[in-house]
Amino acid sequence: MYEAERGLFDLQRGRPLYVTPSGGPGAAPGALLAAVEGLAPSTVEQLGRIAGGLRLAITHHRAHAMGLSNGTRHVPLSVLLNGASSPDEIVRLSTAPGTHAARVRDVREASEPELGGLKLVRLVRLIPAVVGAAVDAGATPELQRDIESGAILAVTTAQIDALARDTRLELTYVSDGPVPLEAAATAGFVCFRETNGLLEHVAILVGAREQWPDPVPVRIHSACLTGDLFRSLRCDCGDQLRGSLRAFAARGGGVLLYLDQEGRGIGLGNKLRAYTLQGQGLDTVDADCTLGFGADERTYDAAVGMLRHLQVGRVRLFTNNPEKMRALQDAGIEVVDREPLYGTLNRHNVDYVKAKVERAGHWLDDMLAGDADAGK
């Protein structure tokens, strides 16, 4: 697993990675792969020189956006790039809307090493696509020398799978301290870190714990830099964040769980790419799927772990999202009641709110009905 952890950082830095199947040497050839995001011309040249014709491995969401399919199976696909490709061309092929049949051929299911590469780039929220080719290190002297010298890391799919499984292990308490807020002078932050070290989350405790109501008011809030900090008009996140803190203070306290899940779990960089696609007419769900992600990549294991650490078992959940309620209930946390939390509609976010209702089933019909003129 430690080799896979280093592989994460190598891919983030634009370095190629040699991934071998879990069957070991002789079972099947490995693949020399690089992340599409951060791909440099020198890396493309290196991949082509060592491994030959380049293939692009993509998620089934991206394959659908490209007009490709593999029957009814929703599996990642691998396509052979048609002709020489620059890094910019490969990025466009991996992110731009529309069909791209003229640029690809030989469509097949992604190999085991390609699936491993896709798992790694998704863990670090890069564009969910890898480029490379199958190659036998034992029969390729240059690759063998680079592996032996440490210039290229070799990792197995079994090591990658072990790392991927580790992402949902328990949280580690890190630290806490008082942080007076504008909405609540008596407040404190508690920092948690996931056991793989990739993400940190914060519980914001409003009011004195001994005075908290029963059930405890709780808000699960995914980080939104643009809305929470800069008050972007494209979403209602900032309004929900500040509104929940004010409500907690007025009711004697509560807990806001601030999760490092920007852009519904795709990361800030991909969220900005999705914004560009939305400007071209896609809604928020289709934009994410065009980039290769699912409609919502978030999980709420961290929220459950934080509540358990805080010994909160009965909650009044401030949410419009049925998945958040379901996640807590499935984990054995009693959701005694739900309270809606509305932002302010404007012409920049009305389509975003409509998509949350129509595509994700969020309980926001009253919000839309209350301001029918917002989109004008």
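Both backbone and side-chain heavy atoms feed into the values below; hydrogens, waters and symmetry mates do not.
- Two residues are said to be in side-chain contact when any heavy atoms from C-beta on lie closer than 4.5 Å; I127 and R273 meet this criterion.
- When hydrophobic clusters are built by joining Ile, Leu, Val, Met, Phe, Trp and Tyr residues whose side-chain heavy atoms come closer than 4.5 Å, directly or via intermediates, V190 is grouped together with I333.
- The side-chain heavy atoms of H362 and P322, taken from C-beta on, include a pair separated by under 4.5 Å.
- In this structure, L328 CG and Y300 OH are separated by 10.0 Å, a value rounded to the nearest 0.5 Å.
- Put simply, CG on D10 and CD on E3 are 11.5 Å apart, with the number rounded to the nearest 0.5 Å.
- How far CZ of R231 is from CG of L241: 9.5 Å, rounded to the nearest 0.5 Å.
- Residues V19 and L115 are members of separate hydrophobic clusters, defined by side-chain heavy-atom contacts under 4.5 angstrom among Ile, Leu, Val, Met, Phe, Trp and Tyr.
- Under the 3.5 Å distance criterion, the side-chain polar atoms of R242 are matched with a main-chain donor or acceptor of D228.
- Under the 4.5 Å side-chain criterion, counting only non-hydrogen atoms from C-beta, D365 is in contact with V357.
- E148 places no side-chain N or O within donor-acceptor distance of the main-chain N or O of R145, the cut-off being under 3.5 Å.
- The line from OH of Y342 to CG of D239 is 14.0 Å long, rounded to the nearest 0.5 Å.
- For the side chain to side chain donor-acceptor pair (under 3.5 Å) with D288, the qualifying choice from Q278, K271, R264 is R264, the only one to do so.
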Q. R108 and L77: side chain to side chain contact (heavy atoms under 4.5 Å, CB included), yes or no, with the steps?
A. CA-CA 6 Å; R108 59 168 174 76; L77 298 183; over 6 Å; no
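- Annotation: the span from I50 atom CD1 to Q144 atom CD amounts to 11.5 Å, rounded to 0.5 Å.
- With respect to the salt-bridge test (charged N to carboxylate O, under 4.0 angstrom), the residues D260 and R125 qualify.
- Using the six-membered ring where Trp is involved, H221 and Y258 have ring planes that are parallel, under 30° apart on the 30 and 60° scheme.
- Side-chain atoms of T157 come within 3.5 Å of backbone atoms of S22 as a donor-acceptor pair (strictly under, hydrogens ignored).
- In this structure, D301 and V304 have side chains that are not in contact, with every pair of non-hydrogen atoms separated by 4.5 Å or more.
- Remark: side-chain polar atoms of W212 are paired, donor with acceptor, to backbone N or O of V206 under 3.5 angstrom.
- Two different hydrophobic clusters hold V91 and L277 under the rule that ILVMFWY side chains link at heavy-atom gaps under 4.5 Å.
- When all heavy atoms of T290 and R62 are compared, the pair lying nearest together is O-NH1, 2.6 Å.
- Looking only at atom types and distance, the side chain of T226 has no donor-acceptor partner in the side chain of R234 under 3.5 Å away.
- Classification of E323 and R326 as a salt-bridged pair holds, one side-chain N sitting under 4.0 Å from a carboxylate O.
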Q.
Determine whether R298 and S222 satisfy the following criterion, side-chain hydrogen bond (donor to acceptor under 3.5 Å, both in side chains), listing intermediate values before the conclusion.
A. CA-CA 9 Å; R298 292 175 295 180; S222 297; 3.1 Å; yes
Q.
Between E358 and D283, does the side chain to side chain contact (heavy atoms under 4.5 Å, CB included) criterion hold? Intermediate values first, please.
A. CA-CA 11 Å; E358 297 167 2; D283 69 21; over 6 Å; no
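- A heavy-atom distance below 4.5 Å is not found between the side chains of L257 and K324.
- To the nearest 0.5 Å, the span separating CD on E114 from CG on L56 amounts to 9.0 Å.
- No single ILVMFWY cluster, assembled from side-chain heavy atoms under 4.5 Å apart, contains both L205 and V202.
- Partner of K356 under the side chain to side chain donor-acceptor pair (under 3.5 Å) criterion, chosen from D236, T284, N321: D236.
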Q | From CA spacing to verdict: side chain to side chain contact (heavy atoms under 4.5 Å, CB included), N349, N346 | A | CA-CA 6 Å; N349 70 14; N346 62 70; 3.2 Å; yes
(Q) As a quick check of understanding, evaluate side chain to side chain contact (heavy atoms under 4.5 Å, CB included) for Q240 and T319, giving each step before the final call. (A) CA-CA 9 Å; Q240 293 184 358; T319 189; over 6 Å; no
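- Looking at T59 and R122, their side chains never bring a donor and an acceptor atom within 3.5 Å of each other.
- Looking at R308, H201, E200, R193 one by one, the single match for side-chain contact (heavy atoms from CB on, under 4.5 Å) with L171 turns out to be H201.
- With hydrogens and angles ignored, the 3.5 Å screen pairs no side-chain donor or acceptor of T43 with any backbone N or O of L39.
- Here the side chain of E262 pairs a donor or acceptor atom with the backbone of L225 at under 3.5 angstrom.
- The backbone N or O of I152 sits nowhere less than 3.5 Å from a side-chain atom of D146 that would complete a donor-acceptor pair.
- Note that R219 lies outside the cation-pi zone of F248, set by a 6.0 Å cut-off to the ring centre and a 45° limit from the axis.
- In this structure, F189 is not a member of the same hydrophobic cluster as L310, with clusters built from ILVMFWY side-chain heavy atoms closer than 4.5 Å.
- Ring geometry for H309 versus Y173: interplanar angle under 30°, hence parallel rather than tilted (30 to 60°).
- Side-chain contact check for T195 versus T172: some heavy-atom pair is nearer than 4.5 Å.
- Using a 4.5 Å cut-off on side-chain heavy atoms (C-beta onward), V130 and L120 make no contact.
- No side-chain heavy atom of Y18 sits under 4.5 Å from any side-chain heavy atom of T140.
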